[in-house]
Protein chains: 2
Amino acid sequence: MMNLAADFPTKKNIKEISQEEHISSKYLEKLMGILKKNQLVRSVQGQGGGYFLAKKPGQITAGEIVEILDGPIAPMKCSSAKCKMAEHCSASSVWSELEKEMKKFLYKQTLEKLIKNNQTKKYVRK
Amino acid sequence: MMNLAADFPTKKNIKEISQEEHISSKYLEKLMGILKKNQLVRSVQGQGGGYFLAKKPGQITAGEIVEILDGPIAPMKCSSAKCKMAEHCSASSVWSELEKEMKKFLYKQTLEKLIKNNQTKKYVRK
DNA sequence: TTAATTCAGACTAATTTAGTAGGATTTAGA
DNA sequence: TCTAAATCCTACTAAATTAGTCTGAATTAA
Ligand code: FES
Ligand code: FES
């Protein structure tokens, strides 16, 4: 039988990631499950298995990740959640505009960008 | 004795505001208390009393109100709350930049602006 | 003195979130 | 074919936060 696990050199398993990111492996397992269900990562099961990105880092944005893991991007529950008072609420326009700004910002932060920023950060660090 | 309550023609009492804003008077009482403690509104006690703005609408911003009633403006608990992982967390820069954008936006929305927007809204409504 | 009002703070209930537990399934390799 | 290393699945728990209530005291106009 061929070795599936060997075909994806960038993959990492839960144990590795959890150590690098200082996050409990059990919790990470859960999160990766969600990311996988939403097709941001793919996985190889069984011994030697692990996870890897489903797209190029330049094509994954913070916006996607946040919406998948945290739910809709919104400054208030009111804003996107179709608040029933929105019609006669003077604040609703503020929420919806702010929501737009947040989305705009988060959807232009790609993983690639983040990685680069983080690498320079390391150099700059004393 | 002079009549304090008559001196501030724009004042409204809890009952009036709670009806206008469709919010329970008990809850509103609590919120007004917080706004008062933070000097966004002032009040007159006793019969005929009520609340009124402590500054001109052009000098009160959504940012202030939100920070007073909702706490620090932040997209994540992590961002401004001095997350202890921030040093080796690749996401922290995203949170802090987004936080800046949110503050910038909210601090330029004055009450005056909001009132104007809301008036035109009424005209436009079918 | 009375009635209308703000003021103060404790309390409750509901919801959300972060995180854990336990076991089933899949797979590589000996 | 057996075993160990991994993902997968999903229910559960605990903690924190939030929205909102309740009670009663203090203040003031009339
Ligand atoms: S109460 Fe929901 S938008 Fe204002
Ligand atoms: S974990 Fe707090 S900033 Fe990333």
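Just the heavy atoms: all of them, side chains too, but no hydrogens, waters or symmetry mates, feed the values below. The chains referred to below are lettered A, B, ... by the order of the sequence lines, with proteins before strands, and numbering in each begins at 1.
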Confirm from the modelled atom types if Q45(A) and dC8(D) form a donor-acceptor pair under 3.5 Å, side chain to base only.
-> no
Interatomic distance, N13(A) CG vs dA28(C) P [rounded to whole Å] | 15 Å
Student check: side-chain heavy atoms of E112(B) and I115(B) closer than 4.5 Å | no
What integer distance in Å separates I14(B):CD1 from dA26(D):P?
-> 20 Å
Rounded to whole Å, the CG-C1' distance (L31(B) to dA19(D)) equals 9 Å
Provide, to the nearest angstrom, the distance between the CE atom belonging to M32(A) and the C1' atom belonging to dT20(C).
-> 19 Å
Mind calculating the distance between NZ (K11(A)) and P (dT7(D)) to the nearest angstrom?
-> 10 Å
With the side chain defined as heavy atoms from C-beta on, K36(A) is closest, among dC8(D), dC7(C), dG20(D), to dC8(D)
If you measure from the Lys or Arg side-chain nitrogens to the Asp or Glu carboxylate oxygens, is any gap between E97(B) and K100(B) under 4.0 Å?
-> no
Out of dT7(D), dA5(D), dC7(C), which has the shortest distance to the side chain of S43(A)?
-> dT7(D)
Under 4.5 Å between any side-chain heavy atoms of T61(A) and K108(A), yes or no?
-> no
Please walk me through it: do L35(B) and Y51(B) pass side chain to side chain contact (heavy atoms under 4.5 Å, CB included)?
-> CA-CA 10 Å; L35(B) 292 176; Y51(B) 297 86; over 6 Å; no
Would you call K36(B) and E29(B) a salt bridge, taking side-chain N to carboxylate O under 4.0 Å as the test?
-> no
Among dT6(C), dA19(D), dG29(C), the one nearest any side-chain atom of Q47(A) is dG29(C)
Where each residue is assigned the nucleotide of DNA chain D containing its nearest heavy atom, which of G46(B) and D70(B) is assigned the position nearer the 5′ end?
-> D70(B)
Should K30(B) be listed as having a side-chain N or O under 4.0 Å from OP1 or OP2 of dA19(D)?
-> no
Give a yes/no on whether any side-chain N or O of K26(B) is located under 4.0 angstrom from OP1 or OP2 of dC22(D).
-> no
So does Y51(B) get a side-chain nitrogen or oxygen closer than 4.0 Å to the phosphate oxygens (OP1/OP2) of dC7(C)?
-> yes
Nucleotide dT6(C), atom P - distance to NZ of K37(B) in whole Å = 18 Å
M76(A) CE to dT17(D) P, straight-line distance once rounded to whole Å = 16 Å
Whole angstrom value for the distance that separates C1' of dC8(D) from CD1 of I34(A) = 13 Å
